[in-house]
Amino acid sequence: MSEIETADRQPKRRENLDFIREIVQRDIESGRYQGRVVTRFPPEPNGYLHIGHAKSIALNFGIAEEFGGVCHLRFDDTNPETEDMEYVEAIMRDVRWLGYDWHDKLFFASDYYEQLYQFAEQLIREGKAYVDSLDEEGIRQYRGTVTEPGRPSPYRDRSVEENLDLFRRMRAGEFPDGAHVLRAKGDLAAPNMKMRDPLLYRIRHTTHYRTGDAWCIYPMYDYAHPVSDAIEGITHSICTLEFENNRAIYDWTLDALYEEPRPHQYEFARLNLDYTVMSKRKLLQLVEEKYVSGWDDPRMPTIAGLRRRGYTPEGIRLFCQRIGVDKTNSRVRFEVLEDAIRDDLNTRAPRVMAVLRPLKVTLTNYPPEQVEWLDAPYWPRDIDKAGSRRTPLTRELYIERTDFSLNPPVDWTRLSPGGEVRLRHAYFIRCDEVVTDPISGEIVELRCTYDPDSLGRPASAARKRSTAIQWVSAAHAVPVEVRLYSKLFAVENPDMTEEGKSFKDYLNPHSIEVLPNALVEPALAAAAVGERFQFVRHGYFIVDPDAQPARLVFNRIVELPDAYNARQPSPDLGRKAKAEPTPSSSGEAAVGSLSEERARVRAADSWLAERYAHYTSVLGLSAEQADPLTGSREVAAFFEAALATGATARTVANWVNNEVLRQLKDKGLDGLTFSAADLGELAKLVDSGAVTTAAAKTIYAEMAAGAGAPSEIVRRRGLDQNLNQEELQSIVAQVLAELPEKVAAYRSGKTSLLGMFTGQVMRAAGNKADPKQVQAALKQQLEA
RNA sequence: UGGGGGAUAGUUUAAUCGGCAGAACACCUGACUCUGGAUCAGGCAGUUGGGGUUCGAAUCCCUGUCCCCCAGCCA
C-alpha cells in the first residue's frame with residue numbers, strides 16, 4: 001500500500017462488519033468493558049424456535065465466537081401463564097442442533113426473582129417506584145394516547161412506607177390478581193408511551209413451571225430483562241427493532257440500579273421470509289388447529305420443522321450469513337434459504353436414482369434373464385469425493401413419466417418416439433414403440449432397444465444433446481413413499497390479510513403431495529433415518545422418522561433448480577411490481593415542520609421578521625438561505641456577529657447553514673467551541689482566496705474540535721503557504737506513479753477515476769492545493 | 001395526529017465517516033457436463049423525490065414522499 005494511501009488513515013477497522021459487530025469492535029478497542037464480550041440469547045419458553053430465531057442465535061453466538069467472548073442462553077421466563085418445560089427442552093435441543101454451545105452459561109430469569117424483588121424494594125425506597133391500585137381499564141385511561149399526555153394515577157404519591165408495605169403484602173399473597181401493580185415513576189407526559197410509568201410487577205396467582213407457587217407476583221419483561229442482563233454481566237444486549245422504544249426503560253432501570261460499564265441494548269431488524277409466518281402465536285395456531293402435524297411438521301419454519309424437513313445446520317447458518325444484519329425492515333425471498341441449503345447439500349449428499357412417477361420400459365433386445373450390476377459413482381466429477389455402488393440393469397425397467405414426451409418440443413433432450421436417450425450409468429436406448437391403454441389412452445409402456453456398445457463410451461455427436469435419465473430395474477426396485485413438500489402458504493406475505501380474512505386463508509393446499517408408489521434403487525434399501533441423498537435430477541431427500549425397515553419414507557428437502565422448467569412460461573407467482581413512487585411536489589414552498597416552525601417564530605417576533613427582510617433585500621440572500629438564519633434570535637445574532645468581521649454575507653450564510661447548523665442540532669449555541677468572530681475570520685480567509693475551500697473545511701473541522709482560532713490553525717498547519725506549479729506537478733506525478741493500474745483504467749476510458757485522483761492529490765498536498773488546478777494538472781498528465 | 005426507527009440493482013446488502021457505487025441471490029448469454037444440477041466466463045440492473053454547499057455528495061445542509069414500531073397487568 002502506498003504512503004499516500006495510508007497517510008491520515010483512521011485506525012483500520014475490520015471491513016464488512018455489520019453495524020452491531022462494528023459497535024462490539026469499537027467497544028473492544030476503546031476498552032469500554034475491558035475487552036469483554038458477553039451476549040445472550042433470551043428466548044421465552046412459550047413456543048418453538050423458528051428460522052427468525054436462528055438469525056438472532058447466529059448473531060449472538062456468532063459475535064461471541066468471533067470476538068473471543070461468550071454467549072449465554074437465558075430463558076426469559078417471567079410469565080407463568082404461557083411457559084412450559086417442554087419448550088425449554090425443545091429450545092435447548094434446537095440451539096445445540098444449530099451448532100452453538102452455551103457451555104455452563106445456562107440461566108433462567110426465574111432464578112433471579114429474589115434479586116429482582118430486592119431491587120424493586122430499592123426503587124421504592126428511592127422514590128422511583130410506587131404501587132398503583134388502579135384497575136387495568138383505569139391504567140389505560142390515565143395513560144393518555146399518542147397525542148395526549150397521561151395523567152398521574154391517584155395512587156402515585158403514596159409514601160415510601162405505604163408502597164413498601166403494599167408491595168410486601170403483594171408478595172405475601174394478600175391480594176387477588178389485578179388488585180395492585182408496581183410501577184416505575186417515569187414521565188406521564190413523555191411522548192414515548194413506554195415511559196409513562198411502566199409496570200414493573202403484576203400479581204398472578206399462577207403456578208410457574210419452575211418456581212411453582214413460591215411467587216404470586218411476577219416481574220415484567222421491561223424490568224426483568226435489563227436487570228437479568230446486568231446480573232449476568234452482559235455487555236451487548238441485542239434484540240429486535242420493536243424494542244427500540246423499550247430501550248428508554250432499559251436505560252432508566254439500569255441507570256437507577258447499576259453503574260457503567262453496564263449492558264447496553266442494540267436493535268436489529270427481525271427476519272421476514274416470503275411465504276411463511278414467523279409469529280409464535282400464529283405458528284401455535286397452526287399446530288393446535290391441526291393445519292400441520294406438529295411443531296416439527298416439515299413445512300413449518302420452526303427449527304424442528306426444518307430439521308425434520310432435512311435442512312442442515314450448516315445450511316441455515318450459511319443463510320444467516322448471507323442475509324446480513326441491518327435495521328431495514330425487509331422480506332427475504334424463499335430462494336435465498338433454499339439456495340443456501342442446496343449449496344451445503346451439494347457437497348454432502350450422495351447421488352442416487354429414484355423414479356417418482358414410474359413408466360414401464362421393456363428393452364426388447366435385452367436377454368430376459370440377464371442382470372448386469374453396473375458401477376455407479378455416488379458423486380459427480382466436479383465433487384471431490386470417491387465411492388460408488390452397483391446398480392442392476394434388467395430387461396424391464398422404470399423411468400420417470402416426465403422423461404418421455406409423445407410430442408416433444410424442439411429443445412427436448414429426453415426420450416420421445418423414435419428418439420434416443422442415455423440411461424444414466426448405463427446404455428443408450430431407443431424408443432421403438434409406445435403402448436397405450438386402449439380405453440384410457442394412457443401410456444402404459446415403452447418398448448425400446450438398447451445399444452450394447454454404448455456402455456461407458458462417450459456419446460456420439462448425434463447423441464451429444466441427450467440427457468442421461470435415471471431409471472430402476474423393475475425386479476430390484478424398492479417401493480417407497482415420497483413426500484413432496486412445498487411452500488406452506490400460497491402468498492408472499494400471509495400476514496397481510498384482506499378484510500375479513502385470516503392468515504390461515506392463505507395456506508397452500510398443495511404444500512404436501514404424497515407419492516406412495518415411488519421406486520428407488522436397491523442400494524437405498526437399508527437407508528437409515530436422517531440420511532440425506534440427492535435423487536438425481538429431482539432434488540435432495542432425507543429419510544423421515546416415519547420410515548419403517550419395510551417401508552421407507554423420504555421427505556423432499558429442496559428441489560434442484562430446473563433451467564428447463566424455469567424457461568417455460570408459468571403462471572406468474574412472482575412479486576408484484578414495486579409501487580409507482582408518488583410524484584413529489586417540487587421543493588418551492590418551504591412548508592415543512594422545521595421551516596414552518598421558524599416561520600411561526602418570525603411571525604411572532606418582529607425583530608426576526610425584520611432581519612429576514614433585511615437579509616433577503618439588502619444582503620442579497622435567497623429565501624432558502626435567510627430562513628434557517630432567522631429561526632431564533634441567537635442564530636441571527638451569531639450570523640451577524642460573524643458578518644461584522646467583514647466577510648461576505650453569502651459565504652457566512654453558507655457556512656452557518658451547512659456546517660454550524662449541524663453542531664447546533666445536538667449541542668446548541670452554547671456548546672460551540674468557537675466564536676462567531678472565528679467563523680467570520682474563516683469566511684474572510686475563503687473570500688480573499690488566502691486558503692482554498694478545501695483547506696477551509698480542514699480548518700473548520702479543527703475549530704469544531706476546539707483547536708482554536710482559524711489564524712492559529714492556518715499557521716500551525718501551514719495552510720497559507722501557496723503551492724507553486726512545480727510542486728503541484730510533482731505531487732501529481734508522484735500520485736499517478738503510485739497507481740499505475742488506475743492510470744491505465746483512466747486512460748482506457750474510466751474517467752470517473754478523476755475524483756479519486758483528485759482526492760489523493762489533495763490529501764498528499766495537505767489540502768493546500770486548489771482543486772481546480774489539481775484537476776487541470778491531472779488531466780494534463782493523464783492525457784499526455 | 002405525538003414520539004421512535006427505516007429507505008442503495010428485482011431481492012438481501014457493501015462503500016475505509018466527502019473521492020472508483022462493490023457483492024450475493026434472481027435473471028439473461030456462452031463454455032463444460034452421463035444431473036436441463038454443479039462449476040467457469042460474461043451480461044442486464046441501483047443511491048426515495050426536489051433544492052443547496054463543494055472541484056467532487058449515497059455520505060453534509062434544507063425540504064418533501066413512502067414504510068415499520070409504540071396507547072398488554074405479553075415478550
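Chain naming here is simple, since letters A, B, ... match the order of the sequence lines and numbering starts at 1 in each. Computed from heavy atoms alone, side chains included, the values below leave out hydrogens, waters and symmetry copies.
The side chain of Val536(A) lies closest to U35(B), out of C25(B), G6(B), U35(B). When distances run from any side-chain atom of Lys194(A) to the nucleotides A75(B), U63(B), C20(B), the shortest one goes to A75(B). When distances run from any side-chain atom of Arg381(A) to the nucleotides G37(B), A24(B), U33(B), the shortest one goes to U33(B).
The existence of a salt bridge linking Glu244(A) and Lys327(A) is confirmed by a sub-4.0 Å separation between a basic side-chain nitrogen and an acidic carboxylate oxygen. Between Asp177(A) and Arg202(A) there is no salt bridge, since no side-chain nitrogen of the basic residue lies less than 4.0 Å from a carboxylate oxygen of the acidic one. For Asp562(A) and Arg537(A), the salt-bridge test fails: no basic side-chain N is under 4.0 Å from an acidic carboxylate O. Using a cut-off of 4.0 Å between Lys/Arg side-chain N and Asp/Glu carboxylate O, Arg151(A) and Asp197(A) are scored as not salt-bridged.
Among the heavy atoms of the strands, none lies under 4.0 Å from Gln773(A). If you check every strand for non-hydrogen atoms under 4.0 Å, Arg650(A) touches sugar and phosphate atoms only. Looking at heavy-atom distances under 4.0 Å, Lys742(A) makes contact with a base.
Relative to the ring axis of Trp412(A), Arg414(A) places its NZ or CZ within 45° and under 6.0 Å from the centre.
Regarding contacts with the backbone of C55(B), every side-chain N or O of Thr758(A) stays at 4.0 angstrom or more from both OP1 and OP2. Taking 4.0 angstrom as the limit, Arg204(A) places a side-chain polar atom (N or O) nearer than this to OP1 or OP2 of C74(B). An OP1 or OP2 oxygen of C68(B) is reached within less than 4.0 angstrom by no side-chain nitrogen or oxygen of Thr328(A). Remark: Ser330(A) is in phosphate contact with U13(B), judged by side-chain N or O atoms under 4.0 Å from OP1 or OP2. The phosphate of A26(B) (OP1 or OP2) has no side-chain N or O of Arg333(A) nearer than 4.0 angstrom. In this structure, Arg143(A) reaches the C73(B) phosphate: one of its side-chain N or O atoms is under 4.0 Å from OP1 or OP2. Between Thr693(A) and C55(B) there is a side-chain N or O to OP1 or OP2 distance below 4.0 Å. OP1 or OP2 of U63(B) lies within a sub-4.0 Å distance of a side-chain N or O belonging to Arg598(A). Of the side-chain N and O atoms in Arg202(A), one or more sit less than 4.0 angstrom from OP1 or OP2 of A75(B). Residue Thr467(A) places none of its side-chain N or O atoms closer than 4.0 Å to OP1 or OP2 of C34(B).
Residue-to-nucleotide contacts include a donor-acceptor pair under 3.5 Å from the side chain of Arg351(A) to the base of U35(B). Taking only distance into account, the side chain of Asp326(A) never meets the base of G6(B) through a donor-acceptor pair shorter than 3.5 Å. For G36(B), the base has a donor-acceptor partner in the side chain of Thr413(A) [N/O atoms by modelled type, under 3.5 angstrom]. Looking at Glu624(A), its side chain has no donor and acceptor atom pair within 3.5 Å of the base of C62(B). Checked by distance alone, Arg414(A) brings a side-chain donor or acceptor within 3.5 Å of a matching partner on the base of G36(B). For Asn657(A) against G52(B), a side-chain-to-base donor-acceptor contact under 3.5 Å is absent. Under 3.5 Å, the side chain of Gln534(A) and the base of U35(B) form at least one donor-acceptor pair of N or O atoms.
In this structure, C25(B) and G10(B) make a Watson-Crick or G-U wobble pair, each of the two defining distances being under 3.5 angstrom. Across all strands shown, U53(B) forms no Watson-Crick or G-U wobble pair with both key distances under 3.5 Å. Base pairing annotation: C44(B) forms no Watson-Crick or G-U wobble pair, as no partner gives both donor-acceptor distances under 3.5 Å.
Between Phe243(A) and Tyr221(A), the distance separating the two ring centers is shorter than 6.0 angstrom.
Heavy-atom nearest nucleotides on RNA chain B were determined for Leu199(A) and for Lys464(A), and the one closer to the 5' end corresponds to Lys464(A).
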